[in-house]
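Sequence positions, counted from 1, serve as the residue numbers for this chain. Since the structure is predicted, the reported quantities are computational estimates derived from the model, not experimental observations.
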Amino acid sequence: MDEQVIIEKPMKIDSCCEVDHTQHATFEEKTDRWDKIGIFLSSLCALHCLATPLLVLALPVLGEFFHQEWVHLVMALFVVPVGLFAFWSGYKHHNQMKVFALGVVGLTMVGGASLLPHEWVEVYEHDVVTILGSIFLITAHILNRRACLCHKH
């Protein structure tokens, strides 16, 4: 008797990327939360920088309070670690260097502007760097979430 051996080839599963999604539920739960917090904090940072010049003009006392160096440092103490965690864990999952790099550039701009003494630069230049950095962060968090959720498409 001749026996035929049938070798089954594994079916190719269509996916949106080259990432192993077997651990995706655990990853998504953890990373999604951090991206949402990052989007919120980056938006808050951008709103702060956009509103402060108006507060400085309209309400000198309140505007001066919000434009203190310590306010920027406190914001950076929250924005930078959240961003680092979200972007690094996202990069480990989706391997999209452009998303990771955009996040790092935004973190560098926001972190650098908060650490740089205000006396060294004009207020306008400081705010422009922080606002642009916040926009980069918001964009990077949104792209990071999309890349991490790509399997749902």
- Do M75 and S114 pass the side chain to side chain contact (heavy atoms under 4.5 Å, CB included) test, and can you show the C-alpha distance, the side-chain angles, and the key distance before you say yes or no? CA-CA 8 Å; M75 286 183 157; S114 67; over 6 Å; no
- Take T130 and M109 through the test side chain to side chain contact (heavy atoms under 4.5 Å, CB included) and record every step on the way to the result. CA-CA 6 Å; T130 306; M109 291 174 78; over 6 Å; no
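In this structure, the separation between CG on L44 and CD1 on I39 is 13.5 Å, given to the nearest 0.5 Å. Residue H94 holds its NE2 atom at 8.0 Å from OG of S89, rounded to the nearest 0.5 Å. The NE2 atom of H141 sits 10.0 Å away from the CG atom of L102 when rounded to the nearest 0.5 Å. Rounded to the nearest 0.5 angstrom, L132 CG and L137 CG are separated by 11.0 Å. Of the inter-residue distances, the one linking Q96 atom CD with Y91 atom OH reads 10.5 Å to the nearest 0.5 angstrom. Here the CZ-CD1 distance, from F40 to I138, works out to 11.5 Å after rounding to the nearest 0.5 Å.
When all heavy atoms of V79 and S42 are compared, the pair lying nearest together is CG1-OG, 4.4 Å. Here the closest heavy-atom approach between residue A140 and residue V99 is recorded as O-CG1, 3.7 Å. In terms of heavy atoms, A76 sits closest to P81 at O-CD, 3.7 Å.
Both F100 and V80 belong to a single network of hydrophobic side chains, linked directly or stepwise wherever heavy atoms of I, L, V, M, F, W or Y lie under 4.5 Å apart. Following chains of ILVMFWY side-chain contacts shorter than 4.5 Å, one can reach L41 starting from V74, so the two form part of one hydrophobic cluster. At a threshold of 4.5 Å between side-chain heavy atoms, the hydrophobic network of Ile, Leu, Val, Met, Phe, Trp and Tyr places L84 and I142 in two separate groups.
When atom types are taken as modelled, the side chain of N144 and the backbone of A86 share a donor-acceptor pair closer than 3.5 angstrom.
Note on ring orientation: taking the six-membered ring where Trp is involved, the planes of F85 and W34 are perpendicular (angle over 60°, cut-offs 30° and 60°).
Looking at F136 and L107, their side chains never come closer than 4.5 Å, going by heavy atoms from C-beta outward.
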